[in-house]
Amino acid sequence: MSKDERLVKQITPKSEDFSRWYAEIVQKAELADYTPMKGMMVIRPYGYAIWENIQRLMDDRIKATGHVNAYFPLFIPESFLKKEAEHVEGFTPEVAWVTAGGNEELEERLAVRPTSEAIIGYLYSKWIKSWRDLPILYNQWANIVRWEKVTRPFLRTTEFLWQEGHTCHETAQEAEEETLKILAMYKEFCETELAIPVIAGRKTLREKFAGAQMTYAIEALMSDGKALQMGTSHNLGQHFSKAFDIKFEDRNQTLQYVWQTSWGTTTRMVGAVIMAHGDDSGLRLPPRVAPVQVVLIPIAFGNWKETVLPAVLAAQETLKKAGLRVLVDAREEFTPGWKFAEHEMRGVPLRIEIGPRDVKAGQAVFVRRDIKAKEPVPLGELAVRAAAVLDEIQASLYAAALKFQDDNTRVAETYADFKDILENRRGFVKSPWCGGGECEDKIKAETMATIRVIPPDCEGPAAEGRTCISCGREAKAIAYFARAY
RNA sequence: CGGGGAGUGGCGCAGCCUGGUUAGCGCGCUUGCCUUGGGAGCAAGAGGUCGUCGGUUCAAAUCCGACCUCCCCGACCA
């Protein structure tokens, strides 16, 4: 779209400057705002409503798979955090500490939770005695603090909201099954609800969670060609159960450490929705998570309050009864054109215009946000057609994102090709890798790309006869590389 | 955390270099009239401790220092 044809004029076009577009859309669409503290954002009602939809849809899935919600303390004693060596090493650089209560200096300082494995581990050791207590399938919705150096609204903030699952199992196999079940659930969630295709697989040792035995993740491609981690699922093995002494008497009357998992998704998902679907005019929200799915705009002429408005209010009732999230924008201080641009920027999936001509014709005009197509719809078919159009939009956003991912996933067999792709095209690059951390480091230093994920079908056999793009040794896997957020 | 840029009514900016009336402009906002199918028009209004703290000076938005926040580019992370 050329700049002159743009109907939304208050934001920098995405195609012109992606970073600026992102920062502006977050503020102008009233998703979030900055505060006087670095990295601390306020999530405003319109942004929070997206998160609430994500939360509800995710919570339904978590509960449907047998998990229950609980709430653990915000603070974690330093000694607890230190029990698992790798865990403390990974997290201490970004922990915020409470050192005093009122005027009293604390005997032991308290960490503001950067994640809850430590405090939950302590409690699990109290609660678990027998194999009959297992599995433990807990989830918590909470806020987290990590003292980040570089912050961006939704993508990386000092405080963020998330859900963290923490489970305990009798066997290693059960824990692995849980880890993969959640990974699959996350993938399905992103694709179904957020209309964002993701690549699921394992992380490398360099990229795994501090304290985990194995980390799995889902990775998505944003529309600027950079990858974004959208969720992680960790098989913790017995690392924490040994550190926190979480033992149970098994079916053979022997004491054993439990096998654990933990997994999480965050408010970062809101950022992903913005970056994966947005266009030059602003947000394009997937209907499943859009706070407003349909905006009804009366076209006011003459005695419109007697003619047009009743039709608009009737349409609102019809659509509400059909279970849709509807907003009537009957403000008199703005012209229809102004409202069109405003709701486009805010990403409302479907706009319905009703004017005098429409009332006479017994119809309404539908305008899809994703492709900006207009369609007259008889008033009698509003609800059915609106629901159908919203489904079409959800599907078409997903299809577009999937096409983008396909178009931007390339294979490089040589380091020269690899560097060329990252330099000129970005996106995912699938390349053979020897499995060595040194090659990972070297590639990262030279190209800023990291191994985002290794899907199961890219392991061992898939790499047979191929050589590592970095060292030339025999490849152990085909890895997805990308520059990432 | 290093390099670069920025902070002036809600938003976008000018003024600063070369200190000195009442700190301007566009948009937005309020009120009234009039309008409304892609960001209407006229008229009258309201709104600013110039990011914060300190220094220089008779006098600071302007000069100096420190700090805070944001943006961009690099080292660490959901």
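Remember, it's a predicted structure, so these values are computed and weren't measured experimentally. Chain A is the first sequence line, chain B the second, and so forth, proteins listed ahead of strands; every chain is numbered from 1.
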Pair partner, G7(B) [Watson-Crick or wobble, under 3.5 Å]: C68(B)
Nearest-angstrom distance from the residue atom CG of N303(A) to C1' of U35(B): 15 Å
Touch class at under 4.0 angstrom, heavy-atom based, for L155(A) against every strand present: base
Pairs where residues 272-310 of chain A contributes a residue and the test ring pair (Phe, Tyr, Trp, His ring centres under 6.0 Å) is met, not counting sequence neighbours: none
Along RNA chain B (nearest heavy atom to each residue), the more 5'-positioned of T267(A) and P298(A): P298(A)
Between H166(A) and F72(A), ring centroids under 6.0 Å: no
Between P of G39(B) and CD1 of I297(A), the distance in whole Å: 13 Å
Side-chain donor-acceptor contact under 3.5 Å, E344(A) with S281(A): no
Separation of atom CD in E440(A) from atom P in C76(B), rounded to whole Å: 12 Å
Whole-Å gap separating P (G39(B)) and CD1 (I11(A)): 17 Å
Integer angstrom distance from the C1' of A61(B) to that of C1(B): 31 Å
Proximal nucleotide (of A78(B), U36(B), C76(B)) relative to the F160(A) side chain: A78(B)
Any donor-acceptor N or O pair under 3.5 Å, side chains T450(A), E440(A): no
Sugar-phosphate only, base, or nothing, as touched by W162(A) at under 4.0 Å among non-hydrogen atoms: nothing
Separation of the C1' atoms in U8(B) and A14(B), to the nearest angstrom: 10 Å
Separation of G38(B) C1' from K374(A) NZ (nearest whole Å): 7 Å
Any pair counted as side chain to side chain donor-acceptor pair (under 3.5 Å), so long as it reaches residues 208-233 of chain A, sequence neighbours left out: K14(A)-S223(A), E86(A)-K208(A), E176(A)-Y216(A), K203(A)-E219(A), K203(A)-Q229(A), T215(A)-H234(A), E219(A)-R452(A), D224(A)-Y485(A), T232(A)-H234(A)
Check ion pair E423(A)-R483(A) (N to O, under 4.0 angstrom): yes
Between C1' of C11(B) and CG of D33(A), the distance in whole Å: 12 Å
Rounded P spacing from A78(B) to C63(B) in Å: 43 Å
Partner nucleotide, any strand, of C25(B) [Watson-Crick/G-U, under 3.5 Å]: G12(B)
Face-to-face stacking of F340(A) with G39(B), centres under 5.5 angstrom, angle under 30°: no
Whole-angstrom distance between C76(B) and G65(B), as gauged at atom C1': 31 Å
Between C34(B) (P) and E332(A) (CD): distance, integer Å: 12 Å
Positions of residues 347-356 of chain A (non-hydrogen atom under 4.0 Å from RNA chain B), listed by number: R351(A), E353(A), G355(A), P356(A)
Integer angstrom distance from the P of C70(B) to that of U36(B): 45 Å
Rounded P spacing from C68(B) to U57(B) in Å: 28 Å
K149(A) side chain, from C-beta outward: closest of C1(B), A78(B), G37(B): C1(B)
E89(A) atom CD: more than 12 heavy-atom contacts under 6.0 Å: no
With sequence neighbours excluded, residues passing salt bridge (Lys or Arg N to Asp or Glu O under 4.0 Å) with E375(A): R385(A)
Base partner of G74(B), which must satisfy Watson-Crick or wobble distances under 3.5 Å: C1(B)
Lys NZ or Arg CZ of R346(A) over Y46(A) ring: under 6.0 Å, within 45°: yes
Side-chain donor-acceptor contact under 3.5 Å, D370(A) with S396(A): yes
Sugar-phosphate, base or nothing in reach of K203(A), heavy atoms under 4.0 Å: nothing
Atom-to-atom span, CZ of R44(A) to P of G10(B) - whole angstrom: 13 Å
Centroid-centroid distance, W263(A) to H67(A), less than 6.0 Å: yes
Nucleotide opposite G41(B) in a Watson-Crick or G-U pair, distances under 3.5 Å: C33(B)
F418(A) ring center within less than 6.0 Å of F481(A) ring center: yes
Pairwise P distance, G20(B) and C16(B) [rounded to whole Å]: 9 Å
Most 5' of A300(A) and E94(A) on RNA chain B, judged by nearest nucleotide: A300(A)
Sugar-phosphate, base or nothing in reach of T157(A), heavy atoms under 4.0 Å: base
Report, one pair per line, the protein and nucleotides 68-73 of chain B atoms (nitrogen or oxygen only) whose separation is under 3.5 Å.
{"unit_1": "U69(B)", "atom_1": "OP1", "unit_2": "K38(A)", "atom_2": "N", "d": "3.2"}
{"unit_1": "C70(B)", "atom_1": "OP1", "unit_2": "G39(A)", "atom_2": "N", "d": "3.0"}
{"unit_1": "C70(B)", "atom_1": "O3'", "unit_2": "Y34(A)", "atom_2": "OH", "d": "3.3"}
{"unit_1": "C71(B)", "atom_1": "OP1", "unit_2": "Y34(A)", "atom_2": "OH", "d": "2.7"}
{"unit_1": "C72(B)", "atom_1": "OP1", "unit_2": "S19(A)", "atom_2": "OG", "d": "3.3"}
{"unit_1": "C72(B)", "atom_1": "OP1", "unit_2": "R152(A)", "atom_2": "NH2", "d": "3.3"}

Pair assignment for U56(B), Watson-Crick or G-U wobble, requiring both distances under 3.5 Å: none
Pairwise P distance, C72(B) and C34(B) [rounded to whole Å]: 48 Å
Polar atom pairs between nucleotides 40-47 of chain B and protein, under 3.5 Å, N or O only, would you list them?
{"unit_1": "A40(B)", "atom_1": "OP1", "unit_2": "T335(A)", "atom_2": "OG1", "d": "3.3"}
{"unit_1": "A40(B)", "atom_1": "OP2", "unit_2": "T335(A)", "atom_2": "OG1", "d": "2.8"}

Centroid-centroid under 6.0 Å between Y122(A) and F244(A) rings: no
Phosphate OP1/OP2 of G37(B): any K339(A) side-chain N/O under 4.0 Å: no
Carboxylate-amine/guanidinium contact E193(A) R61(A), below 4.0 Å: yes
